[in-house]
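Worksheet: the structure to be examined is printed underneath.
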Amino acid sequence: MITQEQILHALSHVEEPDLKKDLVTLRMIQNIEILPNKIRFDVVLTTPACPLKDHIEHACRNAISFFVSKEVEVDINMTSRVVAADNNQLKGIKNIILVSSGKGGVGKSTVAANLALALSKQGARTGLLDADIYGPSLPIMFGLEGAKPESTKTADGQTKILPLERFGLKLLSIGFFTDPNQPIPWRGPMATSAIKQLFNDADWGEIDYLVVDMPPGTGDIHITVSQTYPISGAVIVTTPQHVALADAIKGMAMYRMEGINVPVLGVVENMAYFTPAELPDKQYYIFGKDGGKRLATENNVPFLGEIPLVKAVADAGDNGFPILLDESEPVAEAYQHIAGRVAQELSILANA
C-alpha cells in the first residue's frame, strides 16, 4: 500500500528551478489522495503564468515513478496561488507592476497592454491602469473610445469607480473621463491627485496583477506612485538605439534611488528588428542590435525578451484588438514569453 510519506519523500527530490528548494519544503504539494492503483495531488505554483509548469509536472511524474512505483497512475493538478505583496492601501491587489520607459515613442503602452493580456490569458486575474495622464492610449487600444465607467457603493457607503472590462481585463484610464480631442494642461499636483484617484477610488476587486502603464520620463507621477503604493516591480521598455538606451538607464536609476527602491524586474527590448509580413524569416536590425540585452547585462537585471517591429502590432492597437489576442501572430508568443518571465521574477522576489 502506497503511503503519503512515500509520496512526499519522492516529491522532496523535485526542486522548484527558480526558488532552488524542493516542492515539499516550499509547501507546494497539497491534497494528496491515494486510491487503488492511482494517486492524486495538487502542485500549487506561485503564479499561473509559470513558464516552467510543464517541466515541474514532468519532474513530479519521474519522481513518483522512481521512488514510489512505475505502475501507479499519477493524476497531477497543476494549480497556483499568487503571493501577495504587503498592501494596506489597495486591498485585493496582490502585485502592482509598473511598465516604464525613459522616453516616449518606444512602444511602452503597447507592451503594457499585451503584457496584461498575456498574464490574463495564462490564468491570472489582471487589471490594467493607464497612468499616462497626458497621453492616455488605453481607450483606443481596447476599442473603448467614448466609454464611461459606472460607479458603485461599497458596504461602508463609499462611492467607487467600476473599471471597465474587456477581453478578461479590468481597465481604467483618465481617458475615460476627458475629451479625447482636448489636451490635459495639468500641473504636477493636479496630475498626481488624478493618479491617486485612479488607484484609490476604483473598486478593482480581487486581482493578482495590476499592470500600470506609466508616463514617459522620471517625473512627479513616477515618484508619487512609487512612494505611495507597494510596488512589486518595474519593467523597463526600450528600443535598441543609443538615444533610447540613454534614457532607459535614467529610468532604471530612478527606481533604484533611496526612498523609492522599486525592484527592476528586467528589460524588454521593443522594435528589436523589422520583419516584413511577406518575409517572416527575415530580421532587419534597423535601430541597432541587442541594445536592450546590453542594458540588462550592464545593470545586472534580467533580460525579459524582445519584440520585433511588425506592422500588425500597430494595426492591432489602432483597431482596438491588441496583437496578443491573435494567436496566429508569432509576436503574440513573444509577449507570452515575456509575461512568463515577469511572473517568474516576481515569484523569485516574493520568496526571497
Side-chain donor-acceptor pairs of residues 42-50 under 3.5 Å, sequence neighbours excluded:
| from | atom 1 | to | atom 2 | distance (Å) |
| --- | --- | --- | --- | --- |
| Asp42 | OD1 | Asn77 | ND2 | 3.2 |
| Asp42 | OD2 | Asn31 | ND2 | 2.6 |
| Thr46 | OG1 | Ser347 | OG | 2.7 |
| Thr47 | OG1 | Ala49 | N | 3.1 |
| Thr47 | OG1 | Tyr209 | OH | 2.8 |

Which donor-acceptor pairs under 3.5 Å do the side chains of residues 138-152 make with protein atoms, sequence neighbours left out?
| from | atom 1 | to | atom 2 | distance (Å) |
| --- | --- | --- | --- | --- |
| Lys148 | NZ | Phe176 | O | 2.9 |

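Here the straight-line distance linking atom NE2 of His13 with atom CG of Asp22 works out to 9.0 Å at 0.5 Å rounding. From Leu346, atom CG reaches atom NZ of Lys94 across 13.0 Å, with rounding to the nearest 0.5 Å.
Looking at heavy atoms from C-beta onward, Ile221 lies in side-chain contact with Ile133 at the 4.5 angstrom threshold. By the 4.5 Å heavy-atom criterion applied to side chains, Thr25 and Leu23 are not counted as neighbours. Val225 is listed as a side-chain neighbour of Ile231, based on a closest heavy-atom distance under 4.5 Å. Residues Val267 and Val235 form no side-chain contact, since every pair of their non-hydrogen atoms from C-beta on lies 4.5 Å or further apart. Looking at heavy atoms from C-beta onward, Pro308 lies out of side-chain contact with Phe274 at the 4.5 angstrom threshold.
For the 3.5 Å distance criterion, the side chains of Thr239 and Gln241 qualify, holding a donor opposite an acceptor. In this structure, a donor-acceptor pair under 3.5 Å is absent between the side chains of Tyr335 and Glu333.
Residues Tyr255 and Leu295 share a single hydrophobic cluster, defined by chaining ILVMFWY side chains whose heavy atoms lie under 4.5 Å apart.
Remark: aromatic rings of Tyr284 and Tyr273 are distant, center separation not under 6.0 Å.
Looking at every heavy atom in both residues, Pro216 comes nearest to His222 through O-CE1, 3.5 Å. Of all the heavy atoms in Asp326 and Ala332, the pair that sits closest is O-CB, 3.7 Å.
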task = Could you walk me through whether His58 and Asn62 pass the side chain to side chain donor-acceptor pair (under 3.5 Å) test, one step at a time?
result = CA-CA 6 Å; His58 183 69; Asn62 284 344; 3.3 Å; yes

request  = Before giving the answer on salt bridge (charged side-chain N to carboxylate O under 4.0 Å, His left out), spell out for Arg40 and Asp75 the whole-Å C-alpha distance, their side-chain angles and the decisive distance to 0.1 Å.
outcome  = CA-CA 5 Å; Arg40 295 178 180 147; Asp75 182 5; 3.5 Å; yes

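Salt bridge annotation for Arg341-Glu345: present, with a cationic side-chain nitrogen under 4.0 angstrom from a carboxylate oxygen.
Under a cut-off of 6.0 angstrom, the local environment of CZ in Phe66 is sparse, with at most 12 non-hydrogen atoms contributed by other residues, nucleotides or ligands.
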